[in-house]
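These notes are about the structure you will find just below.
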Amino acid sequence: MKFIGLLILAMFYTVYISKMILQKRKGIQTDQIAKGKQKTNVFYIELVMKIATYSVVLAEVLSLFFVSPNLPQTLVVAGMVLGFIGDILFTVSVITMKDSWRAGIAENDKTKIITSGIYSISRNPAFLAFDCVYTGLLLIAFNWVLLALSVFAMTMLHLQILQEEKFLSRAFGAEYNVYKSKVRRYLGRK
């Protein structure tokens with residue numbers, strides 16, 4: 001279980017970090033989380049989200065090493081499957097997004113709105129991927145601290161989505177609003 005959980009995390013963050021490095025080589029600053037913003041609601045949501053997502057990864061790693069799985073084997077296996085689904089979703093998301101992908105709201109960057117591929121069935125597949133990985137690892141190495149941190153991180157990611165939706169509506173106007181009316185926030189078409 002430990003190896004599978006670590007593999008899920010390694011795959012996810014290898015994609016994340018590789019994308020950041022590739023974009024940096026093109027002069028693109030991928031990590032926009034709580035950077036260069038006035039101390040507004042968006043800044044604080046992003047700052048708390050960053051702390052939450054770093055904390056949950058630390059808790060996941062510690063849980064994998066120090067907690068014996070205490071859920072039924074079926075749930076642990078479901079967690080493995082969900083974790084790998086999250087890895088695949090995340091990989092497809094950042095590839096499809098091309099150089100428009102950012103972590104956080106990039107208020108000053110000019111990007112394109114992406115509505116094709118996986119984005120035609122989910123407005124936020126990368127966030128959905130985070131949720132799949134968090135839930136998967138929670139099932140693999142369940143403990144109450146990890147549950148609390150995972151729920152907190154997923155809540156902060158949801159609040160980030162709400163902030164991004166406001167930004168995208170302002171940045172892309174009617175084009176984004178039409179897209180939003182056709183594709184669900186997490187999964188499915190309307």
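Computation of the quantities below employed the complete heavy-atom set of this structure, encompassing side-chain atoms and omitting hydrogens, waters and symmetry-equivalent molecules.
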### Task
Sort out for me which residue in V178, T111, N177, T115 forms a side chain to side chain contact (heavy atoms under 4.5 Å, CB included) with F172.
T111
Minimum heavy-atom distance [X]-[Y], with the two atoms named:
{"X": "P125", "Y": "S93", "value": "CB-OG, 3.1 Å"}
{"X": "L71", "Y": "L139", "value": "CD1-O, 3.6 Å"}
{"X": "V92", "Y": "T96", "value": "O-OG1, 2.7 Å"}
{"X": "Y119", "Y": "I114", "value": "CB-O, 3.6 Å"}
{"X": "G83", "Y": "V133", "value": "O-CG2, 3.7 Å"}
{"X": "D131", "Y": "M154", "value": "OD1-CG, 3.1 Å"}

Can you tell me how far the [atom1] atom of [X] sits from the [atom2] atom of [Y], to the nearest 0.5 Å?
{"X": "R185", "Y": "R123", "atom1": "CZ", "atom2": "CZ", "value": "5.5 Å"}
{"X": "E46", "Y": "L159", "atom1": "CD", "atom2": "CG", "value": "11.5 Å"}
{"X": "N124", "Y": "I161", "atom1": "CG", "atom2": "CD1", "value": "4.0 Å"}
{"X": "F65", "Y": "L6", "atom1": "CZ", "atom2": "CG", "value": "4.5 Å"}

Is the backbone of [Y] close enough, under 3.5 Å, to the side chain of [X] for a donor and an acceptor to pair up by distance?
{"X": "S120", "Y": "G117", "value": "yes"}
{"X": "K112", "Y": "S100", "value": "no"}
{"X": "R102", "Y": "Q32", "value": "no"}
{"X": "E165", "Y": "Q160", "value": "no"}
{"X": "K26", "Y": "D99", "value": "no"}

#### Entry: Partner residues of L146 under the side chain to side chain contact (heavy atoms under 4.5 Å, CB included) criterion, sequence neighbours left out
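Partners of L146 by the side chain to side chain contact (heavy atoms under 4.5 Å, CB included) criterion, ordered by chain and then number, come out as V56, A59, E60, S63, L138, N143, S150.
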### Query
Can you name the side chain to side chain contact (heavy atoms under 4.5 Å, CB included) partners of V48, sequence neighbours left out?
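Side chain to side chain contact (heavy atoms under 4.5 Å, CB included) list for V48, sorted by chain: F152, M156.
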Side-chain heavy atoms under 4.5 angstrom apart, residues restricted to Ile, Leu, Val, Met, Phe, Trp, Tyr: same cluster for [X] and [Y]?
{"X": "L157", "Y": "L82", "answer": "no"}
{"X": "L128", "Y": "I95", "answer": "no"}
{"X": "Y54", "Y": "L62", "answer": "no"}
{"X": "L7", "Y": "L137", "answer": "yes"}
{"X": "F3", "Y": "F84", "answer": "yes"}

Indicate yes or no: at least one non-hydrogen side-chain atom of [X] is less than 4.5 angstrom from one of [Y].
{"X": "I118", "Y": "L89", "answer": "yes"}
{"X": "F142", "Y": "V67", "answer": "no"}
{"X": "Y44", "Y": "M49", "answer": "no"}

### Message
Would R184 and K190 count as a side chain to side chain contact (heavy atoms under 4.5 Å, CB included) here? Give the steps.
### Response
CA-CA 6 Å; R184 295 188 187 281; K190 296 180 184 179; 3.9 Å; yes
### Task
Decide yes or no on side chain to side chain contact (heavy atoms under 4.5 Å, CB included) for M11 and Y16, but give the supporting numbers first.
CA-CA 9 Å; M11 289 171 60; Y16 191 97; over 6 Å; no
### Query
For F130, which residues count as a ring pair (Phe, Tyr, Trp, His ring centres under 6.0 Å) partner, sequence neighbours excluded?
F12, F90, Y134
### Query
Between K50 and D31, does at least one N-O distance fall below 4.0 Å, as a salt bridge requires?
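Looking at D31 together with K50, the answer is yes, because their closest N to O distance falls below 4.0 Å.
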